Amino acid sequence: MSTTQDAPAPAYTKKDFESGVDPRWCPGCGDYSIINQVQRTLPAAGVPRENIVFVSGIGCSSRFPYYMRNYGMHTIHGRAPSFATGIKLSRPELQVWVVTGDGDALAIGGNHFIHACRRNVDLKILMFNNRIYGLTKGQVSPTSEFGKKTKTTPHGSPDYPFNPPALALGAGATFVARSIDVEGPHLGGVLKAAQDHEGTAFVEVFQNCPVFNDGAYEFLADKASKADTQLRMEHGKPLLFGKDGKKGIRFNPRTVTLEVVTVGEGGITEADILVHDVQREDPTLAFMLANMGATPGFPTPIGVFRDVRLPTGDEITWNLIDQAKAAAKKPASLTEFLSQGETWTVK
Amino acid sequence: MSTTQDAPAPAYTKKDFESGVDPRWCPGCGDYSIINQVQRTLPAAGVPRENIVFVSGIGCSSRFPYYMRNYGMHTIHGRAPSFATGIKLSRPELQVWVVTGDGDALAIGGNHFIHACRRNVDLKILMFNNRIYGLTKGQVSPTSEFGKKTKTTPHGSPDYPFNPPALALGAGATFVARSIDVEGPHLGGVLKAAQDHEGTAFVEVFQNCPVFNDGAYEFLADKASKADTQLRMEHGKPLLFGKDGKKGIRFNPRTVTLEVVTVGEGGITEADILVHDVQREDPTLAFMLANMGATPGFPTPIGVFRDVRLPTGDEITWNLIDQAKAAAKKPASLTEFLSQGETWTVK
Amino acid sequence: MATQTTPSRLKVAEVEAVTIRFVGDSGDGMQLTGAEFTRASALAGNDVATFPDFPAEIRAPAGSLAGVSGFQVNVGAKDVHTPGDTPDVLVAMNPAALKTNLADLKPGGLLLVNTGAFTPGNLEKAGYAANPLEDPSLRSKYRLIGVDMNGLTDAALAGSGLSAKEVARCKNYFALGLLQWLYSRPADQEAESIRRKFAKKPELAAANLKVFEAGYSYGETSEIFFERYAIPATKLAPGTYRTVTGNHAAALGFAAVAKTSGKQVFFGGYPITPSTEIVQELSKWKEHGVVTFQAEDEIAGIGSAIGAAYAGALAVTATSGPGLALKVEMMGLAVIAELPIVIVDVQRGGPSTGMPTKTEQADLLMALFGRHGEAPMPVLAAQSPADCFWGAIEAMRIAVKWMTPVLLLTDGYLANGSEPFRIPDASELPKIEPRYATAPNRDGKYMPYLRDEKLVRPWAIPGTPGLEHRVGGLEKDSLTGMVSYDGANHELMVRTRAQKIRNVIEDVPDVAIDGPEQGDVLLVSWGGTYGSVRTAAERLRAEGKAVSHVHLRWLNPLPKNLGAILRRFPKVLVPEVNDGQLAFYLRGMFPGVDPVSHTRINGKPLRVSELVEKVHQIL
Amino acid sequence: MATQTTPSRLKVAEVEAVTIRFVGDSGDGMQLTGAEFTRASALAGNDVATFPDFPAEIRAPAGSLAGVSGFQVNVGAKDVHTPGDTPDVLVAMNPAALKTNLADLKPGGLLLVNTGAFTPGNLEKAGYAANPLEDPSLRSKYRLIGVDMNGLTDAALAGSGLSAKEVARCKNYFALGLLQWLYSRPADQEAESIRRKFAKKPELAAANLKVFEAGYSYGETSEIFFERYAIPATKLAPGTYRTVTGNHAAALGFAAVAKTSGKQVFFGGYPITPSTEIVQELSKWKEHGVVTFQAEDEIAGIGSAIGAAYAGALAVTATSGPGLALKVEMMGLAVIAELPIVIVDVQRGGPSTGMPTKTEQADLLMALFGRHGEAPMPVLAAQSPADCFWGAIEAMRIAVKWMTPVLLLTDGYLANGSEPFRIPDASELPKIEPRYATAPNRDGKYMPYLRDEKLVRPWAIPGTPGLEHRVGGLEKDSLTGMVSYDGANHELMVRTRAQKIRNVIEDVPDVAIDGPEQGDVLLVSWGGTYGSVRTAAERLRAEGKAVSHVHLRWLNPLPKNLGAILRRFPKVLVPEVNDGQLAFYLRGMFPGVDPVSHTRINGKPLRVSELVEKVHQIL
Ligand SMILES: Cc1ncc(C[n+]2csc(CCOP(=O)(O)OP(=O)(O)O)c2C)c(N)n1
Ligand SMILES: Cc1ncc(C[n+]2csc(CCOP(=O)(O)OP(=O)(O)O)c2C)c(N)n1
Ligand code: SF4
Ligand code: SF4
Ligand SMILES: [Mg+2]
Ligand SMILES: [Mg+2]
């Protein structure tokens with residue numbers, strides 16, 4: 001089945017990943033800028049186009065595969081990770097991406113999502129989080145804000161939203177990241193990191209739905225204030241933010257909490273600022289940062305929360321297969337195989 | 001529908017909660033001691049027996065409702081939380097328990113489980129974790145150890161197991177606890193705390209399956225060593241363990257990790273030991289303790305990880321309903337109701 | 001109510017009925033235009049039936065073929081059963097709309113075109129090499145009238161201070177004004193409605209009104225029309241009316257159950273096109289005793305409903321094909337636990353995700369047989385948008401009376417189509433009175449499966465002292481409800497559950513034959529095709545053919561008298577929007593009966609003309 | 001192979017066949033005893049058919065009625081199609097076992113009882129007021145032989161140093177020894193088998209062997225028997241044989257596909273009784289090209305399989321009723337995406353959780369019609385345990401040849417029942433050769449829905465340069481595979497998919513009639529009832545009745561010649577373990593055909609005697 005061996009890895013450009021079908025998203029939809037970044041990111045890795053598969057569920061976001069010039073499956077609402085897992089376990093040489101929405105991944109698809117995180121099969125999962133059901137025209141989603149008025153919650157949503165990175169970390173994800181549709185270069189960097197990661201890589205992309213949930217991320221995108229509202233996490237760098245980069249996140253050992261401090265004030269130096277480490281095996285700090293996003297008065301972290309290398313589900317599966325093959329005496333013929341156990345012969 | 005108003009709350013004994021059907025679990029099954037503790041715990045609360053509903057999925061553990069003298073539903077594999085949510089949202093005056101297994105709750109039922117944690121509807125979820133599929137006779141479960149040989153993984157499980165408390169915390173659970181089938185009094189205490197908690201209460205009970213996964217918790221149950229392998233978390237108390245209670249968990253602020261230390265050695269005093277606080281709104285420490293269980297060299301924490309009071313899903317839902325009723329002008333007649341919007345009359 | 005109108009220089013011709021289709025870009029507001037014309041027609045006392053036909057859920061690029069949105073309305077002086085096959089009037093707001101709809105326009109029909117939108121850019125997007133309006137054949141085939149609605153709208157709003165975009169969004173009111181004038185609708189009513197609609201944005205209200213009036217007077221002043229039309233008021237049954245879509249009607253029905261029974265109606269479900277409006281409406285009505293819960297998926301949706309039913313609520317879930325597929329296991333549980341719950345399936349184009357916004361009737365066999373094991377349940381289907389109200393109430397009445405899940409089938413056409421709905425009086429609604437058990441039923445014990453003479457088991461709900469019991473999915477002892485693996489008990493229970501559903505026949509009225517008791521051809525239909533088939537039968541009889549029609553509201557059990565009727569007709573024709581499912585079902589149920597199956601599976605309601613033709617063929 | 005045996009003081013009577021049922025407590029090892037007796041009989045050249053009947057999945061209290069476990073084996077000199085209706089010999093190891101099984105024993109049959117277990121305690125657990133063995137009527141009805149197997153086992157192992165518990169667990173070998181002696185089986189073979197089985201525990205091997213020999217010689221020495229029996233070897237087709245259960249056979253079939261095709265067989269699924277052994281076996285065979293994945297649920301199980309199929313694997317999933325219900329939506333996707341995958345449904349008692357360990361045939365209509373929208377797929381059913389091997393291979397061949405999901409129906413009886421299986425040569429297996437597309441198929445482009453003359457679409461798999469394409473659940477353009485909302489295209493695709501499945505008829509062999517081409521009654525069966533119905537037909541013909549039998553392996557499409565055959569017989573009888581599903585289906589498919597339906601729904605295979613009786617009635 002490995003028709004892939006002999007495939008060359010040509011030098012691609014963005015165009016090489018455009019299927020030629022024009023996207024059918026609404027004017028101004030955040031999905032446009034995301035696909036743009038994906039198509040810019042893919043060439044770098046030089047993976048033959050035909051060895052890449054995009055798998056999606058159902059939703060506006062899930063139309064994605066139609067616009068990529070790769071193999072693709074537009075499947076069933078919430079189930080994309082299960083197809084992707086089958087593809088990757090069957091053909092580990094393929095690069096498999098999952099494109100999903102907040103409802104697709106976390107409402108109906110929540111179980112497949114957490115099991116993907118747990119198994120660490122090498123899938124890159126991009127979740128476009130517009131905090132609403134777009135395709136069905138505006139119902140509450142598991143990431144909609146508490147109390148949010150939507151078509152199915154006219155008096156406000158009674159549900160507390162998921163914190164997707166926290167959920168993924170709780171499920172054991174080895175790679176967890178976040179970016180924003182409008183922050184092209186940043187998004188590109190995060191996508192690259194996801195592509196390079198071996199194992200399940202979960203990327204939450206804040207995406208604006210101008211039609212049914214416009215401005216959900218205004219507070220992060222707004223040019224004037226974004227320096228204060230975004231915390232750009234970078235591996236090995238102190239967690240600084242703010243216009244002049246003087247604000248920072250300090251870890252308070254006494255209270256075991258994070259706090260916002262200002263370098264230069266009250267004797268705070270850069271040395272007091274928490275240095276970001278995506279490779280910590282213990283997910284606690286990543287979890288803490290993920291939850292920080294939800295706490296008022298704190299900036300919203302974007303970038304990579306965690307990037308830890310563990311044997312992937314597909315590696316483990318195929319190691320077991322290879323071991324079994326190695327252990328087996330010469331390939332058994334069909335008859336030998338069928339004759340295992342007790343047999344008798346009729347003349 | 002509230003036939004419950006007039007119901008008295010008699011002084012119950014354990015017997016009052018036995019349905020009279022003798023349990024059909026295998027001899028020596030951990031489920032016996034668990035039901036025993038549940039039946040001992042319920043009387044205290046003095047909730048009228050008819051106002052308690054036990055809901056289960058499918059599995060050995062899920063036979064539970066048949067043995068309780070309450071209302072009960074033995075439903076569908078993995079789906080118990082959805083029935084329970086419907087019961088509680090429809091009839092908030094009822095006390096609703098979910099009894100489930102590691103496969104029922106975390107394999108097929110994983111999505112309903114995390115959404116229950118997120119919504120914080122007042123359900124008490126007891127998960128009997130025997131790290132195996134018991135009812136179907138011994139297949140791998142999402143909590144089976146990595147590499148474990150089972151009937152469906154004869155060469156060892158390729159999957160990393162879930163850490164149930166960590167998963168629940170990642171999903172936003174307000175109450176998370178753990179106990180062991182054989183630790184009767186401890187289990188009783190945890191069950192009491194779960195019953196008292198308002199909101200979704202998740203209790204993981206380590207349960208031995210002598211037939212298909214015997215001794216899974218030997219390391220915790222073994223009289224000789226358990227003082228060193230169990231960490232009994234108690235609110236407001238330092239996290240001490242070990243035969244002489246001298247070993248303790250210290251939080252290392254430099255590395256932001258937990259470490260095992262011995263009081264009296266190397267100048268360590270009890271003041272250095274982390275004091276357990278179940279009421280911390282920030283779930284980070286609870287998450288850290290939950291993960292500690294998985295780390296070699298550390299004791300396994302049992303008891304309550306987190307117990308935080310937030311408005312429950314059922315409270316919120318009914319507040320919205322009551323507000324709507326209050327806001328409504330006099331109860332509209334059917335005709336008035338149907339005549340909203342534009343109408344015309346034909347003579 | 002008479003059709004008062006402004007005096008006019010033109011003579012007013014009376015017409016019996018007219019079918020108008022408004023087509024334009026998704027952004028052009030055709031749904032609103034159509035709905036407004038419908039409202040005005042209804043208020044004028046006409047009978048109406050509508051068929052909105054919008055594109056796939058995601059907005060397509062402006063001006064593209066995929067972006068075309070349409071709304072067809074059939075207005076008549078007599079009973080109107082369908083939105084009409086082929087429009088008499090086509091209002092096309094841009095080239096893409098013209099291209100995708102022209103073929104449907106009746107030869108010689110009125111083609112009203114917004115010439116202002118026929119720009120080179122739009123023509124290209126529509127794939128027109130040349131401007132079709134300049135093609136003489138068009139004028140020869142249809143009554144082409146071109147009006148630069150863009151230009152006239154701009155003119156009307158010159159100096160209004162609105163942005164170009166805002167101005168552009170007003171042009172649908174020009175078209176509306178022109179049509180209201182053409183069909184002699186009073187202008188003043190529309191003014192009211194516009195003010196209501198844009199109450200929050202008075203400047204837009206003013207602008208739209210201005211444009212509406214511009215369109216209205218344009219008809220009068222310009223020399224393009226030589227007559228106007230009037231459609232006499234229909235003789236509808238006396239009463240107060242409103243227009244409803246099928247989904248809205250179903251929601252009203254369930255809410256009505258809550259109000260009349262005084263019991264909680266619990267809806268648990270998950271959004272899916274084309275059923276979502278049902279829960280969207282119900283969620284608004286918290287003060288009327290309705291509790292709604294948007295679950296994480298369809299399985300949890302029906303699960304919560306079954307849980308609520310166990311707790312004593314009148315439980316409902318609604319979905320469409322893919323969601324119904326997910327509820328199958330849960331339906332089986334409701335069958336064996338014998339708990340009352342209504343499942344609404346708003347059928348859409350399948351299989352799989354299929355054609356979410358298109359209509360189809362292909363879930364019938366799944367509804368009847370799509371569960372593992374022997375799991376029969378009552379199945380009924382609504383026949384028109386307004387009938388979804390009565391279908392919802394009847395389904396719930398049956399569920400509660402017989403302690404069983406009930407499937408109510410509607411479809412995308414009924415869900416989005418609309419028609420007048422006579423608002424009933426509370427006394428017209430069937431009573432739904434759950435009889436919760438209050439005491440032990442057998443020597444001081446409660447036996448959950450001790451049945452009454454109709455084989456219905458009692459309903460004891462939590463909170464009732466002494467009746468504590470457990471239900472579940474394992475086979476149960478026929479009396480105590482304890483788990484039983486006894487083969488004889490299982491056989492008894494399977495047969496008893498089946499017999500109970502057969503007993504529902506006592507609530508299934510005999511079908512009425514529309515047309516002669518005996519004849520040459522019998523048309524048999526079910527669900528949303530009622531209107532087309534009924535109209536076809538009427539036309540055929542008008543032609544003097546001996547054609548009768550039987551419409552099935554009940555699919556399981558089938559009406560007592562159906563078999564006899566089927567056997568009375570030499571030819572039975574079963575038209576369906578599927579691959580022949582009812583025809584197969586009737587063959588299986590009535591040995592010897594072998595209907596002719598006529599099927600259409602193009603996402604649209606059946607056409608009357610097509611049915612008439614088909615009958616001509618087989619006669 | 002002759003039935004060599006030790007010289008004996010007793011004469012050996014030849015018998016044609018015998019049905020023996022071993023019953024005891026779950027802890028008594030009856031399944032092992034039965035399996036060992038079966039093995040010995042097969043090795044002795046007899047034909048065998050077995051029916052294990054164990055209690056609900058959870059262990060019931062020792063000695064309780066619910067805890068009784070049974071194993072029935074039918075051993076014969078001629079073709080054996082069924083495990084036999086009613087045992088000739090009942091071996092009862094405790095009172096509960098006697099109580100629950102005595103009624104089935106043939107009048108005058110041999111009743112071999114372990115008297116040692118008839119203690120007051122056990123009698124009470126079984127609900128016996130008095131010791132039934134002391135009831136004279138028992139001796140008058142049956143050939144009662146009481147043996148204190150407990151005591152004799154203790155004696156045999158006195159001083160063995162084994163614990164009382166270990167000793168008790170050996171007593172089943174006493175029963176086995178006695179039976180092997182009674183049916184003239186050589187003792188030495190058993191010795192081998194015991195050594196193999198307890199290789200890891202030599203002390204237990206020794207003990208069990210000792211007890212087996214004790215039982216064997218007890219027959220010889222004690223004066224309780226006056227003759228022994230021998231069953232002549234059957235004339236099976238020459239070849240090498242083994243015994244297989246249906247689940248084991250299905251697993252072997254899929255693995256055989258991997259070995260002969262050289263392609264990866266991918267299994268994705270979720271455990272469920274009674275299908276789980278299929279994946280349990282497959283998971284052992286990693287070195288044979290099988291990849292197995294235990295998913296988080298059934299939906300993900302089939303999802304992973306469909307994903308693997310898109311990637312080019314030969315994909316399989318297996319489940320039972322509740323799991324099939326969960327896979328419904330996914331099956332619809334496989335239908336519209338036209339990807340090959342085999343779904344095995346091992347039917348069990350339903351509805352809902354039902355009776356997990358009991359057999360039933362009630363998923364037929366769900367298999368045929370249980371999907372939303374028009375979603376036809378081929379459906380076939382295995383007819384015996386060994387036939388599950390051939391069914392698995394055929395299902396996969398059809399799936400790959402026609403690019404479609406295929407449903408293979410088996411049931412709990414086939415899954416756990418066993419019979420001899422002749423090991424085929426590779427050359428006897430049908431070839432399965434996926435033809436993956438390698439190049440564009442239309443002017444340099446790849447059109448995923450450009451079909452061949454049989455309407456089959458090509459299969460292009462990831463990794464193939466230039467053929468990048470997308471599949472999905474929305475309706476697709478009939479050529480390019482792009483999303484299409486065009487009504488005409490949808491109609492074309494629905495009809496094309498249906499026609500493609502009808503075309504599969506070219507792979508459906510005509511059914512063969514067992515018995516006269518014309519006659520008074522035609523028995524029509526499908527799936528696991530083959531054996532009972534075939535045997536009934538043979539008996540009836542032996543009685544001189546003109547009764548024929550047609551067995552359906554193919555349910556969709558139905559064999560070409562079936563209609564004509566059905567119409568040839570004045571009476572058609574359709575016996576099923578459901579409420580009449582095939583009978584209904586045949587009525588719907590063959591207008592005019594109106595079979596008599598005979599149904600049994602008690603979780604057990606059909607009884608031959610019952611069928612014979614039924615035919616007598618209708619003759
Ligand atoms: C089984 C099933 N249930 C429901 C739906 C209807 N549906 C389609 S997409 C969707 C949610 C879309 O929201 P999200 O996943 O956030 O994607 P978005 O459109 O916002 O990008 C729903 C409920 C469906 N197609 N299938
Ligand atoms: C839909 C469905 N899938 C699969 C099964 C089979 N099944 C029953 S219980 C079970 C798992 C039991 O494991 P767990 O939940 O851990 O409970 P335990 O028996 O170990 O207490 C499975 C796979 C089922 N009954 N229904
Ligand atoms: S509805 Fe929202 S998310 Fe969907 S395409 Fe339109 S803008 Fe994007
Ligand atoms: S199988 Fe295991 S879990 Fe199930 S009842 Fe027996 S011992 Fe308990
Ligand atoms: Mg979304
Ligand atoms: Mg378990």
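What you are looking at is a predicted structure, and each value in this text was computed from that prediction instead of being measured. Quick note on labels: first sequence line is chain A, next is B, and so on, each numbered from 1.
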S.K.: Regarding B:D314 and B:T312, do their side chains bring together a donor and an acceptor under 3.5 Å, going by distance alone?
M.R.: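 B:T312 and B:D314 do have a side-chain donor-acceptor pair below 3.5 Å.
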S.K.: With chain B as the partner, which of A:G172, A:P142, A:A290 has the greatest number of non-hydrogen pairs under 4.5 Å?
M.R.: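 Of the options given, most contacts go to A:P142.
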S.K.: Between A:N111 and B:A107, is there a donor-acceptor pair closer than 3.5 Å when you use the side chain of the first and the backbone of the second?
M.R.: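 Yes, A:N111 side chain to B:A107 backbone: donor-acceptor pair under 3.5 Å.
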S.K.: So for A:T174, is it side chain, backbone, both, or neither that comes closer than 4.5 Å to the heavy atoms of chain B?
M.R.: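 It is neither, since no heavy atom gets under 4.5 Å.
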S.K.: For B:T153, is it the side chain, the backbone, both, or neither that has a heavy atom closer than 4.5 Å to a heavy atom of chain A?
M.R.: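 For B:T153, there is no contact with chain A at all, as no heavy atom is under 4.5 Å.
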S.K.: With a 3.5 Å distance limit and no angle check, can you tell me whether B:K237 reaches the backbone of B:H276 through a side-chain donor-acceptor pair?
M.R.: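 Checking the backbone N and O of B:H276 against the side chain of B:K237, no donor-acceptor pair under 3.5 Å is found.
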S.K.: Would you say A:I87 and A:L94 make side-chain contact, with heavy atoms under 4.5 Å?
M.R.: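 Counting from C-beta outward, A:I87 and A:L94 do come under 4.5 Å.
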S.K.: Below 4.0 angstrom, N of the basic side chain to O of the carboxylate: do B:E259 and B:R254 qualify?
M.R.: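 Salt bridge between B:E259 and B:R254, a charged N being under 4.0 Å from a carboxylate O: no.
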S.K.: Chain A: which of B:I114, B:N291, B:I108 shares the most heavy-atom pairs with it under 4.5 Å?
M.R.: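 Of the options given, most contacts go to B:I114.
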S.K.: For A:S62 and A:T100, indicate whether the former's side chain and the latter's backbone hold a donor-acceptor pair under 3.5 Å.
M.R.: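 Not a single qualifying donor-acceptor pair exists.
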S.K.: For A:L285, which atoms come within 4.5 Å of any heavy atom of chain B: side chain, backbone, both, or neither?
M.R.: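 For A:L285, the contact with chain B is made by the side chain alone.
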S.K.: Side chain, backbone, both or neither: which part of A:P283 has a heavy atom under 4.5 Å from chain B?
M.R.: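 Both backbone and side chain.
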S.K.: Under 4.5 Å from any heavy atom of chain B, what part of A:L106 do you find: side chain, backbone, both or neither?
M.R.: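 Contact with chain B involves the backbone of A:L106 alone.
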S.K.: Is chain A contacted by the side chain of B:P161, its backbone, both, or neither, given a heavy-atom distance below 4.5 Å?
M.R.: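 Contact with chain A is through the backbone of B:P161 alone.
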S.K.: Check whether the side chains of A:T284 and A:D282 place a donor and an acceptor atom closer than 3.5 Å, and report yes or no.
M.R.: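 Short answer, yes.
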S.K.: Treating B:D307 as the side-chain partner and B:Q279 as the backbone partner, does any N or O pair qualify as donor plus acceptor under 3.5 Å?
M.R.: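 Checked: no pair found.
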S.K.: Can you tell me which portion of A:F162 sits under 4.5 Å from chain B's heavy atoms? Options are side chain, backbone, both or neither.
M.R.: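 Contact with chain B involves both backbone and side-chain atoms of A:F162.
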S.K.: Please classify the contact between A:L320 and chain B as side chain, backbone, both or neither, with a heavy-atom cut-off of under 4.5 Å.
M.R.: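 When you check distances to chain B, only side chain atoms of A:L320 fall under 4.5 Å.
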S.K.: State whether B:K124 and B:D122 are salt-bridged, where the test is any N-O pair (Lys NZ or Arg NE/NH1/NH2 against Asp/Glu carboxylate O) under 4.0 Å.
M.R.: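 A salt bridge links B:K124 with B:D122.
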S.K.: So which of A:E281, A:M292, A:H155, A:M288 has the biggest tally of heavy-atom pairs under 4.5 Å with chain B?
M.R.: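 So the answer, after comparing A:E281, A:M292, A:H155, A:M288, is A:M288.
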S.K.: Given the options A:A166, A:P165, A:A324, which has more heavy-atom pairs under 4.5 Å with chain B than any of the others?
M.R.: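 Looking at each of A:A166, A:P165, A:A324 in turn, A:A166 comes out on top.
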S.K.: Given a strict heavy-atom distance threshold of 4.5 Å, which part of A:P164 is in contact with chain B: side chain, backbone, both, or neither?
M.R.: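 No part of A:P164 comes within 4.5 Å of chain B.
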S.K.: Identify which part of A:F113 has an atom lying under 4.5 Å from any heavy atom of chain B, answering side chain, backbone, both or neither.
M.R.: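 Neither part.
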